[in-house]
Amino acid sequence: MTRTILFDSPFLLGFEHTRDLIERAAKAASESYPPYNVEQDDEGGVRITLAVAGFSPEQLHVTVEGGQLIVAGKREVEARSETDRAFLHRGIAARGFVRTFVLAEGIEVTAATLEHGLLHIDLARPRPERLVRRIPIRSVA
């Protein structure tokens, strides 16, 4: 992957983390399997839905690590070998996958549900408390 030229400027010091986030997001966007939707609800939460037909809950793993949501699916070897079958058309992917989503700070995964071949992952951003802090003013005599 090519580095973002903007962040290589000698005038932007300490932005390595931001550059890394952009590069991780670009890499995640280039993945195409499995297909997914991202939708926002009325309370500001987000739901990611992945099409994972044929996967059981035991074959799917949802983890959060290092500011990334990682969704992985691993297929078990079927009883009948792939070489024993004669497909006339093969449009259903039978492969494992790893799909990543870069999460903003404070985003929490609240639930993961498998329903009718769709894996729903619900995310929420808790509203921060509004803190007002009074700063005392010292008088120097």
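Here, residue 1 is the first one in the sequence, and each next residue gets the next number. What's counted below: heavy atoms across the whole structure, side chains too, no hydrogens, waters or symmetry copies.
At least one test fails for R99 against the ring of Y36: distance under 6.0 Å to the centre or angle within 45° of the axis.
If you run side-chain contact (heavy atoms from CB on, under 4.5 Å) between V109 and each of I48, L69, T63, only L69 comes through.
Hydrophobic clustering, with ILVMFWY side chains joined whenever heavy atoms are under 4.5 angstrom apart, groups V64 together with V71. When hydrophobic clusters are built by joining Ile, Leu, Val, Met, Phe, Trp and Tyr residues whose side-chain heavy atoms come closer than 4.5 Å, directly or via intermediates, V38 is not grouped with I70.
To the nearest 0.5 Å, atom CD1 of residue I107 and atom CG of residue L123 are 6.5 Å apart. Summarising the geometry, atom CD belonging to E105 is positioned 9.5 Å from atom CZ belonging to R125; distances are rounded to the nearest 0.5 Å. The distance from atom CG of L50 to atom CZ of F97, rounded to the nearest 0.5 Å, is 6.0 Å.
Heavy atoms only, all atoms of each residue included: L60 and G73 are closest at CD2-CA, 3.9 Å. When every heavy atom of E108 is checked against every heavy atom of P126, the shortest pair comes out as OE2-CG, 3.5 Å. Closest approach of A51 and P34 over heavy atoms only: O-CB, 3.2 Å.
Remark: I135 CD1 is packed, more than 12 non-hydrogen atoms of other residues, nucleotides or ligands lying under 6.0 Å away.
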What pairs of donor and acceptor atoms, side-chain ones from residues 114-122 against any protein atom, are under 3.5 angstrom apart with sequence neighbours left out?
unit_1 : atom_1 : unit_2 : atom_2 : d
H120   : ND1    : T49    : OG1    : 3.0
D122   : OD1    : R47    : NE     : 2.7
D122   : OD1    : R47    : NH2    : 3.4
D122   : OD2    : R47    : NH2    : 3.2

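The side-chain hydrogen bond (donor to acceptor under 3.5 Å, both in side chains) analysis of residues 129-141, with sequence neighbours excluded, yields no pairs.
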